[in-house]
*Asks:* 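Encoded as structure tokens, here's the structure I'll be asking about.
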Amino acid sequence: MKYAGKICLVILLTLTACAAPWKTNLMTGVRADAELIKEVKPAPEYCIQPGDELSVRLRTLSHENAGPLLQLLGENQTDVMSGGGSGLAGSSRLYTYSVNANGEIDIPYVGKINVKGLTILQTKQLLEKKLFDLVKQCSVEVSLVNNYFTAMGEFGTGKIPLPKEQTNIYEALALTGKITDVGDRTRVKLIRQTPDGPVIKIFNLRSKEIISSEYFWIQPNDIIYIQPREGQFFGVHSTVYSILGLLTAVASIAALGIKLAK
């Protein structure tokens with residue numbers, strides 16, 4: 001019985017060894033201390049889709065220039081228009097425009113404007129052109145309110161705001177925290193909304209090849225799901241490898257017990 005503590009320690013170390021480094025390391029296959037990846041695709045500009053929420057701010061030199069659009073807020077500031085849909089209480093109210101099923105936003109005194117498939121910059125230019133007859137010497141600022149991705153599975157759950165226009169998959173994962181030891185890094189699922197419908201991409205996060213993939217850059221509304229890795233002792237799944245590993249562990253423990261008992 002005096003060796004029971006040592007045997008229990010060996011059992012604990014064996015069971016916790018299932019998350020070996022070769023299963024959790026990222027960007028494997030780098031052949032040198034510094035390797036240049038030449039085939040990195042540029043980050044695509046996000047195109048507006050139905051269901052998006054846009055914040056629109058109209059800037060003008062004076063309230064007189066705003067004309068009828070001054071009635072949208074009626075606040076004593078040079079930013080006379082800030083969206084036109086739902087508002088939040090406070091001195092800096094946020095108004096947003098919802099993009100309807102046809103890809104249109106409805107701006108008072110202007111009407112419906114189709115922005116489906118346009119980038120944020122193209123939308124800004126289009127709105128400035130539409131508002132030119134109503135507001136002289138104005139500029140328009142457009143931003144995407146739903147500028148976030150959704151995390152699910154073994155690295156957190158929730159909607160995570162994107163901190164900048166170009167955010168790659170590794171930066172996105174860092175925003176959610178550490179991937180659990182049981183997270184399957186070889187079959188990461190990414191669901192992306194496109195004009196033709198949702199696309200599901202499965203990729204190996206451990207491979208450096210993801211850097212050259214079109215899915216290296218995260219876009220708003222992306223959903224990233226990391227499922228539990230198969231073959232875990234305490235997981236839902238069980239494979240031949242986990243059974244063989246368990247038998248090997250038991251045999252090793254038995255041999256150690258016999259040796260210590262002598």
*Asks:* Could you tell me which residues satisfy salt bridge (Lys or Arg N to Asp or Glu O under 4.0 Å) with Glu214, sequence neighbours excluded, listed by chain and number?
*Replies:*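 Per chain and number, Glu214 pairs via salt bridge (Lys or Arg N to Asp or Glu O under 4.0 Å) with no residue.
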*Asks:* Take atom CD1 of Ile200 as the centre, draw a 6.0 Å sphere, and report whether it contains more than 12 heavy atoms from other residues, nucleotides or ligands.
*Replies:*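 No.
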*Asks:* Which heavy atom in Lys116 sits nearest to a heavy atom in Asn114, and how many Å separate them?
*Replies:* N-OD1, 3.1 Å
*Asks:* Going by atom type alone, with no hydrogens or angles, which donor-acceptor pairs under 3.5 Å involve a side-chain atom of residues 187-194 and a protein atom two or more places apart or on another chain?
*Replies:*
{"residue": "Lys189", "atom": "NZ", "partner": "Gln227", "partner atom": "OE1", "Å": "2.8"}
{"residue": "Arg192", "atom": "NE", "partner": "Asp222", "partner atom": "OD1", "Å": "3.0"}
{"residue": "Arg192", "atom": "NE", "partner": "Asp222", "partner atom": "OD2", "Å": "3.3"}
{"residue": "Arg192", "atom": "NH2", "partner": "Trp217", "partner atom": "O", "Å": "2.9"}
{"residue": "Arg192", "atom": "NH2", "partner": "Asp222", "partner atom": "OD2", "Å": "2.7"}
{"residue": "Thr194", "atom": "OG1", "partner": "Asp196", "partner atom": "N", "Å": "3.4"}
{"residue": "Thr194", "atom": "OG1", "partner": "Gly197", "partner atom": "N", "Å": "3.3"}
{"residue": "Thr194", "atom": "OG1", "partner": "Gly197", "partner atom": "O", "Å": "2.4"}

*Asks:* Please confirm whether the backbone N or O of Arg229 pairs with a side-chain atom of Arg185, one donor and one acceptor, at under 3.5 Å?
*Replies:*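 A pair under 3.5 Å: no.
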*Asks:* Which pair of non-hydrogen atoms, one from Asp52 and one from Tyr46, has the smallest distance, and what is that distance?
*Replies:*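 Closest approach of Asp52 to Tyr46, heavy atoms only: OD2-OH, 2.9 Å.
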*Asks:* Give me the atom names and distance for the closest heavy-atom approach of Thr176 to Ala151.
*Replies:* CG2-CB, 3.9 Å
*Asks:* Report yes or no: does Gln122 contribute a side-chain atom to a donor-acceptor pair with the main-chain N or O of Thr119 at less than 3.5 Å?
*Replies:* yes
*Asks:* Take Leu175 and Leu173 through the test side-chain contact (heavy atoms from CB on, under 4.5 Å) and record every step on the way to the result.
*Replies:* CA-CA 5 Å; Leu175 291 173; Leu173 295 177; over 6 Å; no
*Asks:* Taking the side chain from Asn102 and the backbone from Glu104, do they hold a donor-acceptor pair closer than 3.5 Å?
*Replies:* no
*Asks:* The criterion is salt bridge (Lys or Arg N to Asp or Glu O under 4.0 Å); which residues satisfy it with Lys124, sequence neighbours excluded?
*Replies:* Glu128
*Asks:* Quick one: closest heavy-atom pair of Ile48 and Val115, and the distance?
*Replies:*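 Scanning both residues completely, I find the closest heavy atoms to be CB-O, 3.6 Å.
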*Asks:* Would you give the length of the straight line joining atom CD of Gln49 to atom CD of Gln219, rounded to the nearest 0.5 angstrom?
*Replies:*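 Between Gln49 CD and Gln219 CD, I get 8.0 Å after rounding to 0.5 Å.
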*Asks:* Show, in sequence, the C-alpha distance, side-chain angles and deciding distance for Leu127 and Ile107, and conclude whether the side-chain contact (heavy atoms from CB on, under 4.5 Å) test is met.
*Replies:* CA-CA 10 Å; Leu127 291 179; Ile107 298 181; 3.5 Å; yes
*Asks:* I need the full list of salt bridge (charged side-chain N to carboxylate O under 4.0 Å, His left out) pairs touching residues 169-178, with sequence neighbours left out, sorted by first then second residue.
*Replies:*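 Salt bridge (charged side-chain N to carboxylate O under 4.0 Å, His left out) check on residues 169-178 returns Lys164-Glu171.
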*Asks:* Do side-chain atoms of Ser98 reach the backbone of Asn100 as a donor and acceptor pair under 3.5 angstrom?
*Replies:*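 No: the side chain of Ser98 does not pair with the backbone of Asn100.
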*Asks:* Any donor-acceptor pair under 3.5 Å linking the side chain of Asn168 with the backbone of Phe216?
*Replies:*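 No; zero donor-acceptor contacts below 3.5 Å.
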*Asks:* Counting C-beta onward and ignoring hydrogens, is there a side-chain heavy-atom pair between Leu54 and Thr96 closer than 4.5 Å?
*Replies:* no
*Asks:* Where is the tightest heavy-atom contact between Ala172 and Ile218, given as atom of each residue plus distance?
*Replies:* CB-CG1, 3.8 Å
*Asks:* Filter on salt bridge (charged side-chain N to carboxylate O under 4.0 Å, His left out), then keep only pairs touching residues 146-159, sequence neighbours left out; what's left?
*Replies:*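 Passing the test, one end in residues 146-159: no pairs.
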*Asks:* Test of understanding: with side-chain hydrogen bond (donor to acceptor under 3.5 Å, both in side chains), list the residues that count as partners of Asn147, not counting sequence neighbours.
*Replies:*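 With neighbours one apart ignored, the set is empty.
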*Asks:* Are Leu205 and Val199 grouped together when hydrophobic residues (ILVMFWY) are joined by side-chain heavy atoms under 4.5 angstrom apart?
*Replies:* yes
*Asks:* With side-chain contact (heavy atoms from CB on, under 4.5 Å) as the criterion, how do Ile169 and Ile210 come out once you've worked through the C-alpha distance, each side chain's angles and the decisive distance to 0.1 Å?
*Replies:* CA-CA 9 Å; Ile169 179 66; Ile210 184 60; 4.2 Å; yes
*Asks:* How long is the straight-line distance from CD1 of Ile179 back to CG of Asp181, given to the nearest 0.5 Å?
*Replies:*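 So the gap between those two atoms works out to 10.5 Å.
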*Asks:* Quick check: is Met152 connected to Tyr148 through a chain of hydrophobic side chains (ILVMFWY, heavy atoms under 4.5 Å apart)?
*Replies:* no
*Asks:* Between Ile224 and Phe149, what is the shortest heavy-atom contact and its length?
*Replies:*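 Looks like CD1-CD1, 3.9 Å.
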*Asks:* Report, as yes or no, whether the 6.0 Å neighbourhood of atom CD on Glu141 holds more than 12 heavy atoms from other residues, nucleotides or ligands.
*Replies:* yes
*Asks:* Between Tyr170 (side chain only) and Ile211 (backbone N and O only), is there a donor and an acceptor less than 3.5 Å apart?
*Replies:* no
